[in-house]
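Some notes on the structure that comes next.
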2 protein chains.
Amino acid sequence: MDEVFKALADSSRRSLLDRLHARNGQTLNELCEGLAMTRQAVTKHLAILEEANLITTIRHGREKLHYLNPVPIHQIGERWIRKFERSKLAALNELKRQLENGDE
Amino acid sequence: MDEVFKALADSSRRSLLDRLHARNGQTLNELCEGLAMTRQAVTKHLAILEEANLITTIRHGREKLHYLNPVPIHQIGERWIRKFERSKLAALNELKRQLENGDE
DNA sequence: TTGACATGCAACCATTTAGTTGCCTATTAT
DNA sequence: ATAATAGGCAACTAAATGGTTGCATGTCAA
């Protein structure tokens, strides 16, 4: 779980996921196109995403195809985001109450 | 948005959010209890959370109270998590298809 | 079979990050 | 008034991070 959050913490990596979301199964070179960094830097980002299980790769001859794995993102939604959303209104109400009470 | 992801990327910070989720409005010292780091380290983490707008603080005499702000987490859920969830089944199906097709 | 193409590996560098220590300031209680 | 309490500030350190360059390997096409 920590690996997933860490992987998502970088905007380059999030944009790689976005690109795969737009078109799944791209090669390394395709994913490099238009990015302001070297292929090796992209390779490292993809390795981190793969380590976090956010993408899966398949070698296809001399090409490496990258596929999104949406499961970890879904898990974060389930185990983390929704947990906080559930109490969203309650939290806002308490904050409002505190503010209205002024300084005791 | 980047700040929020970066803030959430650290497990110490996520556990601070968890603590506030369990009981909102805790002081700095309360949030330090039982953690294996100095008060100053916690202060820095809280500053990062506040910078990302994930918490709000109110000075109350010599105490500083910390409150969860669930809005950014909700936004991540809306703008990011759900976006990927929507195409979850589609992605899995495509991956399955690719794998079944074998090489080419 | 040889050259071009797609990717991998490793060493290196600069910056950021997470944490520390030491000291200072403000508020409360006796 | 003064001591204890709650927190703030700043300098420093070690390790992680994001990036680079140079070279090696494997695969495909002419």
Side-chain angles (χ1 to χ4, degrees), chain A residues 1-20 23-68 98 101-104, chain B residues 1-20 23-67 98 102-104:
Chain A
M1 188 99 301
D2 195 52
E3 277 180 326
V4 180
F5 273 107
K6 284 222 156 57
L8 291 176
D10 185 275
S11 69
S12 301
R13 288 194 287 271
R14 288 199 303 279
S15 100
L16 285 170
L17 292 180
D18 272 333
R19 280 162 155 244
L20 287 178
R23 186 163 69 81
N24 214 3
Q26 295 187 62
T27 67
L28 171 58
N29 268 333
E30 285 171 335
L31 288 170
C32 287
E33 278 167 22
L35 292 188
M37 63 181 123
T38 60
R39 175 176 53 83
Q40 285 78 357
V42 177
T43 299
K44 285 193 183 179
H45 283 304
L46 290 171
I48 290 170
L49 290 171
E50 190 167 10
E51 193 70 21
N53 205 29
L54 281 160
I55 63 174
T56 307
T57 61
I58 302 178
R59 278 308 283 259
H60 188 281
R62 63 181 161 180
E63 294 182 331
K64 190 177 192 181
L65 306 179
H66 298 76
Y67 293 91
L68 256 180
Q98 293 270 354
N101 275 1
D103 278 353
E104 185 84 80
Chain B
M1 188 100 297
D2 197 52
E3 277 180 325
V4 180
F5 274 107
K6 284 223 158 58
L8 291 176
D10 185 276
S11 69
S12 301
R13 288 194 286 270
R14 289 199 303 280
S15 99
L16 284 170
L17 292 180
D18 271 333
R19 280 161 155 244
L20 287 178
R23 188 162 68 82
N24 213 5
Q26 296 188 61
T27 66
L28 171 57
N29 268 332
E30 284 171 335
L31 288 171
C32 286
E33 279 165 22
L35 291 188
M37 62 182 124
T38 60
R39 175 175 53 84
Q40 285 79 354
V42 176
T43 300
K44 285 193 183 181
H45 283 304
L46 290 170
I48 289 171
L49 290 172
E50 190 167 11
E51 193 70 22
N53 206 27
L54 282 160
I55 63 174
T56 307
T57 60
I58 301 177
R59 278 309 282 258
H60 189 279
R62 64 180 163 182
E63 294 183 330
K64 190 177 191 181
L65 305 179
H66 298 76
Y67 294 91
Q98 292 271 354
D103 279 352
E104 183 87 81

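Lettering of chains follows the sequences in order, A, B, ..., and the numbering in each one begins at 1.
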(request) Give the B/S/- string for nucleotides 25-30 of chain C, one per nucleotide from 5' to 3', where a protein heavy atom under 4.0 Å of the base yields B, of only the sugar-phosphate yields S, and otherwise -. (result) --BS--
(request) Sugar-phosphate means primed atoms, P, OP1 and OP2; the rest is base. With that split, encode nucleotides 13-24 of chain C 5' to 3' as B, S or - using protein heavy atoms under 4.0 Å. (result) -----SBBBB--
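On the nucleic acid side, DNA chain D contacts chain B at distances under 4.0 Å to non-hydrogen atoms, with the end points of that region at D:dA4 to D:dA11.
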(request) Carefully, step by step, assess A:Leu68 and A:Leu17 under the rule side-chain contact (heavy atoms from CB on, under 4.5 Å). (result) CA-CA 7 Å; A:Leu68 256 180; A:Leu17 292 180; 3.7 Å; yes
(message) Could you walk me through whether B:Leu28 and B:Thr57 satisfy the side-chain contact (heavy atoms from CB on, under 4.5 Å) test, starting with their C-alpha distance in whole Å, then the side-chain angles of each, then the deciding distance to 0.1 Å, before giving a yes or no?
(response) CA-CA 10 Å; B:Leu28 171 57; B:Thr57 60; over 6 Å; no
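Across A:Ala7 and A:Leu49, no two heavy atoms sit closer than the pair CB-CD2, 4.1 Å.
Atoms CD (A:Glu50) and P (C:dT7) sit 13 Å apart, rounded to a whole Å.
Taking CD1 of B:Ile55 as the reference point, atom CG of B:Leu46 lies at 4.5 Å (rounded to 0.5 Å). Between the NZ atom of A:Lys64 and the NE2 atom of A:His60 there is a distance of 15.0 Å, given to the nearest 0.5 Å. Atom CD in B:Glu3 sits 9.0 Å away from atom CG in B:Asn53 (nearest 0.5 Å).
Between B:Leu65 and B:Thr27, some side-chain heavy-atom pair lies under the 4.5 Å cut-off. B:Leu8 is listed as a side-chain neighbour of B:Leu54, based on a closest heavy-atom distance under 4.5 Å.
When each of B:Glu50, B:Arg13, B:Arg14, B:Gln40 is paired with B:His45, the side chain to side chain donor-acceptor pair (under 3.5 Å) condition holds for B:Arg13 and for no other.
Taking 4.0 angstrom as the limit, A:Asn29 places none of its side-chain polar atoms (N or O) nearer than this to OP1 or OP2 of C:dC5.
Other residues, nucleotides and ligands contribute at most 12 non-hydrogen atoms within 6.0 Å of the CD atom of A:Glu51.
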